[in-house]
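Chain naming here is simple, since letters A, B, ... match the order of the sequence lines and numbering starts at 1 in each. Every value quoted in this text rests on a predicted model; they were computed, and no experiment measured them.
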4 protein chains.
Amino acid sequence: MAKKKEVQSSVKDESLIEKRRTQMIQAAVQLFKEKGFHRTTTREIAQAAGFSIGTLYEYIRTKEDILFLVCDNIYNEVQARISTLAMERGTIAELKSAIERYYTLIDDMNDEFVVMYQESKSLQKDALAYVLKKELEMVAIFEEMLRTCYDNDSLTIEREDIPLAAQHIVIQGQMWAFRRWALAKQYSLAQFIERSQQQLLQGMIKGVS
Amino acid sequence: MAKKKEVQSSVKDESLIEKRRTQMIQAAVQLFKEKGFHRTTTREIAQAAGFSIGTLYEYIRTKEDILFLVCDNIYNEVQARISTLAMERGTIAELKSAIERYYTLIDDMNDEFVVMYQESKSLQKDALAYVLKKELEMVAIFEEMLRTCYDNDSLTIEREDIPLAAQHIVIQGQMWAFRRWALAKQYSLAQFIERSQQQLLQGMIKGVS
Amino acid sequence: MAKKKEVQSSVKDESLIEKRRTQMIQAAVQLFKEKGFHRTTTREIAQAAGFSIGTLYEYIRTKEDILFLVCDNIYNEVQARISTLAMERGTIAELKSAIERYYTLIDDMNDEFVVMYQESKSLQKDALAYVLKKELEMVAIFEEMLRTCYDNDSLTIEREDIPLAAQHIVIQGQMWAFRRWALAKQYSLAQFIERSQQQLLQGMIKGVS
Amino acid sequence: MAKKKEVQSSVKDESLIEKRRTQMIQAAVQLFKEKGFHRTTTREIAQAAGFSIGTLYEYIRTKEDILFLVCDNIYNEVQARISTLAMERGTIAELKSAIERYYTLIDDMNDEFVVMYQESKSLQKDALAYVLKKELEMVAIFEEMLRTCYDNDSLTIEREDIPLAAQHIVIQGQMWAFRRWALAKQYSLAQFIERSQQQLLQGMIKGVS
DNA sequence: CATGAATGAGACTTCATTCAT
DNA sequence: GATGAATGAAGTCTCATTCAT
């Protein structure tokens, strides 16, 4: 659980940092979603967060720090909610449940996901590397699940195609994040999840035609 | 084929406009890919294109016009290369061929695609609407193909799931655009296309277990 | 000995004021020497002095007050150490001794002197006037000494050149303050003093060729 | 005549650069003299120079560049005017003439000198090194003159004291720069030069009592 | 048509100072 | 008396766009 990159603050009170950063992240996500990272000014973020520009800069060093905090925050939420999937025996049911949880999470945090995927490239090299690492961990979770299922003799898929399949699951989630506005006309979230589970797993599950 | 948005130029000579814009699109794509739209300056684009900042502004009105030209250019290419699939009889073979052509195109124009997906949100409302419309047309082409196949009695899929399947095909293409750097370690383009065809169509084709 | 300028403090306890100000002067001298007055922040001074920014402002009113305290402190030291030269009979030996004491003091308080000469221009008009007055008093001490020597019939110099000669003695001291880093390669302090006494007084002392 | 440090400009026309920089240097010297480098804003400099802030930054990269240009400009002037002293035979008359020229120059460029000595410490390491090097060259010119005089058998001074004597000449010049306001009450420039020549050279010239 | 110097609004960031705790 | 979080004026610098040559 080593923190790779720390955002420096000149304020000492840790709980206050926590509180202010939460305010600032919420404000930033909203604004980044509307106008994008570059078109949003630090003043706007401060104002939307409810404090002055001076106060904003007591809790970060640069504007980019805010973007990093947004991205970091999302992954922490994601991992917190996904990692509860214990995956003890590696059943297909558990895999389906993981997909459901993941897509539900994406739906809950739609704004944040869109912002992260659209803007994370604006991060500096080290911050970007950190975010990409987190993203690969996400794919790795599903790879691991698929592999356990495979070892349980539950999948017909080739072992070497597991990475692609895992990416597929993640990408399908991004699809909901990016095109909810288009897809929601036709599917509810529940329907989307059901259809996705079917399409993604269809044909790779033993005993299912 | 009504042009929704025209980029104004104060130069009259059409062939010169064509030539200069091609230069500027090529320069811009390279720069946008490296540094993103917002971090790229108009001066840099002019210099990379081989003319002065003053000349650049003879052929466009705003910086955003350049981004629009990049996006517009991609769709013109796409449509030119995909639309040749007349899809007369709606066979599975033709569907597979369309997927192959589409993914090959994405591979050819990788830089442009990445730029478009990353930056198109920076377009003004009307230009963005135009680009989204073009993208939906892309999905519509595959929907149409799937529907023809369906009517040909070639698909087991539900008719109402055709839009989702079409989106799926397009998204899978984006996956190659965005993650070629990661995927290429494991798959060649040909292999990726083959695997994708299999995963995307698997289970929805009649007569295939 | 009327105090021209008082630095206000909201703290009552005089000995505490004394203590805190000593701390802050020491910290400030060090920082001003390294980075200059303008590049040093009040926060840095407070931290280096060992207390909080809030406490710092209990003992001063503005940042400039700190600079004034530094300058004032130097002159207090100077006067304390130089004025002990009672100069009762106005001998050449006493003049030489005064030069030695003065230059030794400059060597001891090198940092403070450099800071004062570099930064005193940043003082407000009234504070600057006070510092300049103190400096002129410094020159006046040597003028007085030279004049006594002159009246003692010990100098060949013109009486009207005494002010210039006095300035010369002071300036030569500044030379050691500013260029000790260069001069120290060639001369020890003792050697510098000896050479200076020789050059400064050479030719103006009766009975010396 | 190798230029150690170049200030970058995005304007290509060399003669225009020359012209604009001259304007900007003149404006800056005036303002730096009045308020110091740090209290002067780039906007003020641009305005005083007669163009916009944007134009100012077409000819420099950072505010510090302006200070560097000011310092560089002074030394170029100084060297241009001093180097005409051919010093062919190394006579005392020529040495005196050099001192006269140097002090006259300082008087002419009083504002610039004060600014340079007060503010050059605000330069970055490399720019500061360049300025210090130029200053040492100034001392070296006088050292060279003194040494030639010495070899001509014209000086009674010890050879090892030549560096100190050269520094002395330079420092005495700075005295006029810094304290003209005080000294001018008593001496005209001509008188100051005469007295300085006398005091500086007195006793080190053979055949003069 | 081509050029590139000029413009200035506006962005990010700093930091002296205050004041409630 | 001590603390340190909050403030916002002000500074430096960028860059899209214009227009005279």
Note to self: Tell me the interatomic distance from A:L56, atom CG, to F:dG8, atom P, rounded to whole angstroms.
What the structure shows: 14 Å
Item checked: Taking every non-hydrogen atom, the tightest pair across A:E64 and A:S122 -> OE2-O, 3.3 Å
Notebook entry, point to check: Please give, in whole Å, the distance from F:dA20 C1' to D:L16 CG?
Noted result: 14 Å
Notebook entry, point to check: Would you say E:dA6 has OP1 or OP2 under 4.0 Å from some side-chain N or O of D:Y59?
Noted result: yes
Margin query: Applying a 4.0 Å non-hydrogen cut-off, can you work out what C:S9 is touching in the nucleic acid: base, sugar-phosphate, or nothing?
Written below: nothing
Checklist line | Proximal nucleotide (of E:dA9, F:dA16, F:dA9) relative to the D:R43 side chain | finding: E:dA9
Next item on the list: Check whether any side-chain N or O of B:R20 sits under 4.0 Å from OP1 or OP2 of E:dA2, and answer yes or no.
Entry: yes
Margin query: It should be established whether D:T55 places a side-chain nitrogen or oxygen under 4.0 Å from OP1 or OP2 of nucleotide E:dT7.
Written below: yes
Check: How long is the line joining NZ of C:K35 and C1' of E:dC15, in whole Å?
Finding: 12 Å
Margin query: Reading DNA chain F from 5' onward, which residue's closest nucleotide shows up sooner: C:G50 or B:H38?
Written below: C:G50
Checklist line | Rounded distance (Å) that lies between atom C1' of E:dA11 and atom CZ of A:F37 | finding: 12 Å
Next item on the list: Please examine the side chains of D:D65 and D:Y59, heavy atoms only from C-beta on, and report whether any two atoms are closer than 4.5 Å.
Entry: no
Check: Would you call B:R20 and B:T55 a side-chain contact if the rule is heavy atoms closer than 4.5 Å?
Finding: yes
Next item on the list: Starting from the 5' end of DNA chain F, give me the residue, A:D13 or D:R61, whose nearest nucleotide shows up first.
Entry: A:D13
Note to self: Can you identify which nucleotide, out of F:dC13, E:dT7, E:dT17, has its nearest atom closest to the D:E58 side chain?
What the structure shows: E:dT7
Note to self: Under 4.0 Å, counting only non-hydrogen atoms across every strand here, what does C:S10 touch: a base, just sugar-phosphate, or nothing?
What the structure shows: nothing
Margin query: I want to check one thing: is the phosphate of F:dT3, taken as OP1 and OP2, less than 4.0 Å away from some side-chain N or O of C:S52?
Written below: yes
Notebook entry, point to check: In terms of heavy-atom contacts, does CD of A:Q47 have more than 12 from other residues, nucleotides or ligands at under 6.0 Å?
Noted result: no
Notebook entry, point to check: What is the distance, rounded to the nearest whole Å, between atom CD1 of D:I45 and atom C1' of F:dG11?
Noted result: 12 Å
Notebook entry, point to check: Could you give the NZ-to-P distance, from D:K63 to F:dT14, as a whole number of Å?
Noted result: 15 Å
Next item on the list: Would you kindly check if the NZ (Lys) or CZ (Arg) of C:K63 is within the cone defined by 45 degrees around the ring axis of C:F37 and under 6.0 Å from the six-membered ring centre?
Entry: yes
Margin query: Taking the side chain as everything from C-beta on, heavy atoms only, tell me whether C:Y117 gets closer than 4.5 Å to C:E135.
Written below: yes
Checklist line | Spacing between A:F51 atom CZ and F:dG8 atom P, to the nearest angstrom | finding: 13 Å
Margin query: It should be established whether B:T42 places a side-chain nitrogen or oxygen under 4.0 Å from OP1 or OP2 of nucleotide F:dA16.
Written below: yes
Note to self: I want to check a possible cation-pi pair here: D:K133 against D:Y75, using under 6.0 Å from ring centre and within 45° of the ring axis as the test.
What the structure shows: no
Item checked: Value in whole Å for how far the P atom of E:dA11 lies from CD of A:E64 -> 18 Å
Margin query: Let's see if you can work this out: which of F:dG1, F:dT14, E:dT13 has an atom nearest to the side-chain heavy atoms of D:I53?
Written below: F:dT14
Check: Should C:Q118 and C:F32 count as side-chain neighbours, where that means a heavy-atom distance under 4.5 Å?
Finding: no
Notebook entry, point to check: How does DNA chain F read in dot-bracket, base by base from 5' to 3', with Watson-Crick or G-U pairs under 3.5 Å and | used when the partner is on another strand?
Noted result: .||||||||||||||||||||
Next item on the list: Under 4.0 Å between any heavy atoms, over every strand shown, what does D:T41 touch: base, sugar-phosphate, or nothing? Just pick one.
Entry: sugar-phosphate
Check: So what does D:R39 touch, heavy atoms closer than 4.0 Å: a base, only the sugar-phosphate, or nothing?
Finding: nothing
Next item on the list: Give a yes/no answer on whether the side chain of D:Y57 brings an N or O atom under 4.0 Å of OP1 or OP2 in F:dC13.
Entry: yes
